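Worksheet for the structure shown next.
For the single chain, residues carry numbers from 1 onward in sequence order. Just the heavy atoms: all of them, side chains too, but no hydrogens, waters or symmetry mates, feed the values below. Model, not experiment: these values are computed from the prediction. Numbering of ligands and ligand atoms starts at 1, following listing order.
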Amino acid sequence: MIGVYDSGFGGLTVLRHLVDALPARDFLYLGDSGRAPYGGRDVDTLLDFAEQCVEHLFDAGCRLVVVACHTVSCVALRHLQQRYCAPGSGRRVLGVTIPAAEAAVRVTRGRIGVLATHRTTASRTLVAELAKLGHYDVVQRAAPLLAPLVEEGWEDTDIARAACARYLDDLRGCESIILGCTHYPLLRAALEAATDARLLDPGPEVAARLVDWLARHPGFDDAGSGRVVAHCTGDVGAFRAHGSRFFGAPLPDLRHVVEAQSALAALVVERAPEGQVVRPSSPPPKG
Ligand code: DGL
């Protein structure tokens with residue numbers, strides 16, 4: 001069973017590609033919808049949420065977790081890999097950032113735009129991955145209004161079209177634009193109306209990379225029965241109602257999970273760091 005983790009509904013746009021590409025595999029999707037959106041959250045909170053969520057998927061029996069959320073993938077992927085995936089652990093955590101960068105570089109000679117959440121753009125992780133591939137002509141735009149508009153089901157409204165046009169104004173001159181947030185594929189029509197740039201949904205590339213990874217790691221995840229189960233931390237009725245818009249089909253098996261025995265502490269950060277953030281003194285993981 002392959003775990004797929006996102007801040008909420010959005011990762012279902014990635015899950016649909018994974019299920020299409022691997023119809024015989026079993027998937028457990030975790031949407032942290034009770035605490036979404038993640039895009040404006042501070043780094044430490046994201047690391048806490050990400051640890052809880054991947055531990056939930058590991059505890060449920062997944063050995064392989066795909067972090068579908070761009071915000072988590074850009075900020076916390078390395079932390080998750082170092083914490084949970086030591087050699088011999090038999091666990092892996094994969095992200096969406098490198099597939100997104102590679103897909104963009106493959107089809108773009110000119111400027112690449114990154115449209116994403118505030119935390120994703122602040123991390124500059126996609127910019128760094130594009131630079132590793134030799135592509136330096138990159139411009140980013142944070143679009144904090146777009147994910148909430150999609151969650152509201154307003155992707156086909158004048159408000160959504162106006163917001164897309166306003167954000168894309170800052171990405172004029174781009175040949176391609178990476179849709180660096182799991183919600184944005186639902187805004188394709190509104191975005192296309194506002195730009196001539198090629199809009200790149202990383203979802204199909206993430207699926208292709210997962211197929212390739214499984215082929216190179218035979219036996220890591222067994223062929224299943226094509227079962228898709230979803231867990232969410234937020235309102236189950238809302239998740240069921242909105243989730244099918246993102247997944248493109250009804251969610252057959254949906255369960256509610258809640259946070260317990262956690263704590264909040266005051267934190268003062270002068271300036272948020274860029275790039276991946278690995279906690280220096282994490283206690284050893286469970287199990
Ligand atoms: N899943 C998040 C991402 O892809 C988008 C929504 C959020 O801000 O939580 O970055």
Side-chain angles (χ1 to χ4, degrees), residues 3-18 29-43 45-50 52-54 57 65-77 80 93-101 103-104 113-127 129 140-155 160 163-164 167 177-188 191 199-207 230-235 238-239 242-243 245-247 272 276-277:
V4 181
Y5 160 45
D6 185 62
S7 60
F9 310 116
L12 293 166
T13 63
V14 178
L15 181 66
R16 67 198 284 179
H17 292 293
L18 303 185
Y29 180 88
L30 173 60
D32 196 7
S33 50
R35 302 187 291 197
Y38 277 13
R41 291 201 183 259
D42 66 86
V43 166
T45 304
L46 285 176
L47 264 56
D48 284 342
F49 289 177
Q52 285 180 11
C53 288
V54 298
L57 291 167
V65 171
V66 177
V67 174
C69 178
H70 290 271
T71 305
V72 175
S73 186
C74 278
V75 171
L77 185 70
L80 296 172
V93 181
L94 307 176
V96 291
T97 313
I98 292 175
V114 174
L115 191 68
T117 66
H118 168 71
R119 183 56 55 211
T120 295
T121 56
S123 77
R124 299 185 61 80
T125 301
L126 258 167
V127 176
E129 292 301 339
Q140 300 193 102
R141 180 62 161 106
L145 287 178
L146 296 188
L149 280 171
V150 176
E151 299 234 325
E152 199 68 24
W154 287 6
E155 52 266 29
C164 288
Y167 287 131
I177 295 173
I178 297 173
L179 303 183
C181 169
T182 49
H183 287 62
Y184 299 171
L186 274 75
L187 285 165
R188 181 173 280 279
L191 292 165
L199 300 178
L200 299 172
D201 171 9
E205 182 72 14
V206 172
H231 290 180
C232 69
T233 57
D235 183 270
F239 201 93
H242 291 289
R245 268 191 306 127
F246 290 78
F247 189 47
Q276 306 279 350
V277 179

- Are Ile178 and Leu115 close enough that some pair of their side-chain heavy atoms sits under 4.5 Å apart? no

- Contact check, side chains of Leu186 and Thr13, non-hydrogen atoms, under 4.5 Å: yes

- Among Val75, Leu80, Leu77, find the residue that satisfies the side-chain contact (heavy atoms from CB on, under 4.5 Å) test when tested with Gln276. Leu77

- Could you say whether the N/O atoms of His70 and ligand 1 ever approach to under 3.5 Å? yes

- What do we get for Asp6 next to ligand 1 when only non-hydrogen atoms under 4.0 Å count, side chain, backbone, both or neither? side chain

- Message: I need the nearest protein heavy-atom contact for atom 5 (C) of ligand 1: residue, atom name and distance, please.
- Response: Cys181 SG, 3.2 Å

- Query: Quick one: nearest non-hydrogen protein atom to atom 10 (O) of ligand 1, plus distance?
  - Reply: Thr71 OG1, 2.6 Å

- Item | Output field: ring centroids Phe246/His183 closer than 6.0 Å | yes

- Query: What is the closest protein heavy atom to atom 7 (C) of ligand 1, and at what distance does it sit?
  - Reply: Tyr38 N, 3.3 Å

- Query: Where is the nearest protein heavy atom to atom 6 (C) of ligand 1: which residue, which atom, and how far?
  - Reply: His183 CE1, 3.5 Å

- Note on the structure: Taking only non-hydrogen atoms of Gly39 and a 4.0 Å limit, the atoms of ligand 1 in range are 7 (C), 8 (O), 9 (O)

- Note on the structure: Thr117 heavy atoms within 4.0 Å reach ligand 1 at atoms 8 (O), 10 (O)

- Is it true that the side chains of Thr97 and Ser73 contain a donor and an acceptor less than 3.5 Å apart? yes

